[in-house]
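What you see is a predicted model, and the numbers here were worked out from it, not measured in a lab. Order of the sequence lines fixes the chain letters, A, B, ..., with proteins taken first and strands second; residue numbering starts at 1 for each chain.
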2 protein chains.
Amino acid sequence: MRKRATAKEVGEAAGVSKWTVIRAFKPGASITDEAKRKIMEAAEKLNYSPNLLARSLSTNVTHQVAVLVDDFANPQKLPFLESLTERLQAAGLVAMLININNHFDHVHALLNADQRLVDAIILLGTAFRDETLNDRRLGPGMPPMFVLARDSQIEGVPAVVCDSEVGLRDIVDHLYERGYRRPGFMTGASALSTALKRRHHFAEFWRQKGVEHIVDISAERYSREDGGASAREYLKKTSPEDRVDVLMCENDILAIGAMETIRSEFGVSVPEDIAVVGFDNYELGATPAFGLTTYEQPCREMVDLIVEMVTGKREGETISLPGKLVVRSST
Amino acid sequence: MRKRATAKEVGEAAGVSKWTVIRAFKPGASITDEAKRKIMEAAEKLNYSPNLLARSLSTNVTHQVAVLVDDFANPQKLPFLESLTERLQAAGLVAMLININNHFDHVHALLNADQRLVDAIILLGTAFRDETLNDRRLGPGMPPMFVLARDSQIEGVPAVVCDSEVGLRDIVDHLYERGYRRPGFMTGASALSTALKRRHHFAEFWRQKGVEHIVDISAERYSREDGGASAREYLKKTSPEDRVDVLMCENDILAIGAMETIRSEFGVSVPEDIAVVGFDNYELGATPAFGLTTYEQPCREMVDLIVEMVTGKREGETISLPGKLVVRSST
DNA sequence: AGCGATTTTGCACCCGGGTGCAAGATGTTT
DNA sequence: AAACATCTTGCACCCGGGTGCAAAATCGCT
């Protein structure tokens with residue numbers, strides 16, 4: 001059982017050598033129609049298909065791409081994974097999904113991917129530190145790496161990101177126009193460059209409008225509970241008249257957690273007392289219960305670009321794409 | 001660039017043959033400490049690690065498992081993917097994530113996985129038809145297959161599922177006890193066996209309690225919009241006094257969609273006028289805005305079992321695990 | 001028919017590592 | 001020191017397919 005036919009066997013069945021069989025499966029190779037027909041017939045009978053492993057060994061191309069994910073708690077990962085696998089498959093590639101966690105760190109994952117000779121490595125919004133890549137175990141021969149939906153300052157590792165500068169300008173413009181003047185910003189894991197960048201632009205655009213002070217609130221992780229917990233802590237220690245009038249959260253999950261806590265535990269209404277803004281346009285944010293104003297990352301375009309880079313159709317250079325402000329009832 | 005050191009090269013650097021190098025990397029092989037030390041030193045210097053592709057070619061074991069997913073719209077996939085990748089990795093395996101869609105069907109995916117010589121194929125809650133497996137292109141030599149979070153009637157293809165019989169009995173008991181007597185059931189893609197089974201048990205348990213009539217509502221797909229749309233259609237054509245008093249939805253996404261439409265468009269209150277029940281215990285259902293009563297699938301246990309089957313630690317035989325009723329404010 | 005041009009096919013040897021066996025090295029016993 | 005047991009190492013050949021080249025077959029033309 002579990003015995004695959006080989007080119008040699010097909011050749012014997014069709015009365016040709018194994019090399020001719022291999023040619024029959026190589027588009028554009030020189031072969032007679034007659035021979036090809038016989039071979040295909042025999043191949044079908046024997047249920048033959050080329051062994052991709054063996055092929056990869058000699059061609060040095062595996063058509064496999066490692067996708068590293070370390071934040072499955074973020075539901076935004078799902079649409080990214082969906083688009084990414086779809087596009088990769090359309091390009092003849094397949095994704096090896098690698099879960100980075102406490103038992104399997106980035107260096108492990110990179111070495112593993114390298115050992116499996118993947119054609120490329122995509123870091124999907126992972127929170128890895130740039131120093132990770134300087135690990136001495138990581139030789140110079142690693143497969144090319146790309147970062148998706150997160151910044152990369154690393155030399156030679158291009159990224160495709162949603163332009164947080166444009167995004168936050170749009171958001172701040174919108175909030176200013178709506179009359180909000182006392183902004184707060186909730187970060188998740190604040191040490192990450194993406195977080196810092198968003199925070200930075202948020203503050204910068206408010207400053208340009210004459211608002212100097214930003215209230216900082218930080219959640220432990222990117223989860224609904226943590227968003228709620230940090231909002232709770234803030235509201236507890238701040239009297240109603242001192243509170244922010246709009247709370248920008250680093251992503252939709254934090255925003256939903258915060259919004260729910262604000263409403264249900266403090267009787268504060270959204271957006272009348274405090275407006276809430278998220279980031280990502282997570283599907284459920286659109287539901288009437290939330291009506292979350294947010295900023296949509298151009299997921300499909302981002303994925304298209306990264307796949308073009310991976311397949312070499314496009315030069316590997318960091319690209320920022322503008323997203324789209326989605327205004328709903330929370331502001 | 002992108003040149004990996006080979007065992008032969010390491011051997012030359014360490015003054016031994018390539019076979020000795022290979023042994024140095026094979027646990028339990030016979031080799032002197034001295035030789036091993038020299039080899040490891042040379043290996044580190046040359047940044048050598050065994051080429052897993054080449055190894056797989058001769059051992060016929062790839063340590064790769066294909067995971068087929070065709071329903072990325074269901075957020076429940078994310079925790080399953082997370083646990084699954086984590087467990088597989090802990091067992092030394094890696095997941096190839098294959099997206100089944102209009103451009104890449106099940107047969108394609110299976111053939112692709114086979115060509116890549118994966119050790120096993122896991123169908124993650126996919127809506128494939130049993131006939132798919134009878135496709136003539138699928139030979140008898142396919143890798144072993146397992147179904148996760150969905151039923152399998154297929155001979156030789158074991159499944160790990162959440163026991164819908166126990167689950168629905170718990171749900172119906174709970175609803176009956178709360179005093180509901182006019183139940184409705186909302187299915188997604190109703191042709192699927194999982195859906196039919198849940199529907200069947202739901203009706204059966206009500207019958208045992210003397211309630212014969214179940215109102216059937218069906219949504220096109222498993223999405224919030226479709227759940228909302230089918231609830232809308234139902235409420236439109238049914239006068240308040242004729243309506244169900246509890247609506248059981250096949251999963252949480254449908255339930256949330258239905259609940260939101262019921263509340264916001266018809267001013268019907270949940271649970272006073274109509275109670276709503278979901279299935280899966282999707283994380284956001286816990287938020288105060290929804291407070292969705294639901295049934296939690298034992299995700300981690302299910303994944304543990306399927307990984308044990310994949311690794312051969314457990315016999316491949318369909319297993320049903322009981323889940324856990326989670327009562328919240330929607331009932 | 002005969003010659004050269006072109007296409008098709010077979011072959012030796014490669015990709016990087018794994019296996020079983022036998023030769024070589026080391027160690028133990030008398 | 002010889003004889004034997006044991007451990008370590010090298011080797012031939014395997015896994016399944018890919019490459020470049022040369023032999024063989026086919027084609028076109030005079």
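- Proximity of A:Ser17 to the phosphate of C:dG10: a side-chain N or O atom is located under 4.0 Å from OP1 or OP2.
- Nucleic acid contact class of B:Tyr48 (heavy atoms, under 4.0 Å, all strands): sugar-phosphate only.
- Of the side-chain N and O atoms in A:Lys26, none sit less than 4.0 angstrom from OP1 or OP2 of D:dG17.
- Spacing between atom CD1 of B:Ile22 and atom C1' of C:dG20 amounts to 14 Å, rounded to whole angstrom units.
- You won't find any donor-acceptor pair under 3.5 Å spanning the side chain of B:Arg23 and the base of C:dG17, going by distance alone.
- Among the protein residues, A:Ser30 comes within range of the nucleic acid bases, having at least one heavy atom under 4.0 Å from a base atom.
- Between the CG atom of A:Asp33 and the P atom of C:dT8 there is a distance of 8 Å, given to the nearest Å.
- Phosphate proximity of C:dT7 to A:Thr32: absent, as no side-chain N or O sits under 4.0 Å from OP1 or OP2.
- A sub-4.0 Å separation between OP1 or OP2 of D:dC11 and a side-chain N or O of B:Lys8 is absent.
- When the nearest nucleotides of DNA chain D are assigned to B:Leu57 and B:Ile31 by heavy-atom distance, the more 5′-ward of the two goes with B:Ile31.
- Interface remark: the A:Lys18 side chain does form a donor-acceptor pair with the D:dG17 base, using a distance-only criterion of under 3.5 Å.
- The side chain of A:Lys36 places no N or O atom within less than 4.0 Å of a non-bridging phosphate oxygen (OP1 or OP2) of C:dT8.
- A salt bridge is absent between A:Arg221 and A:Asp71; no separation between the charged side-chain nitrogens and carboxylate oxygens falls under 4.0 Å.
- Close to C:dG10, at under 4.0 Å from its OP1 or OP2, lies a side-chain N or O of A:Thr20.
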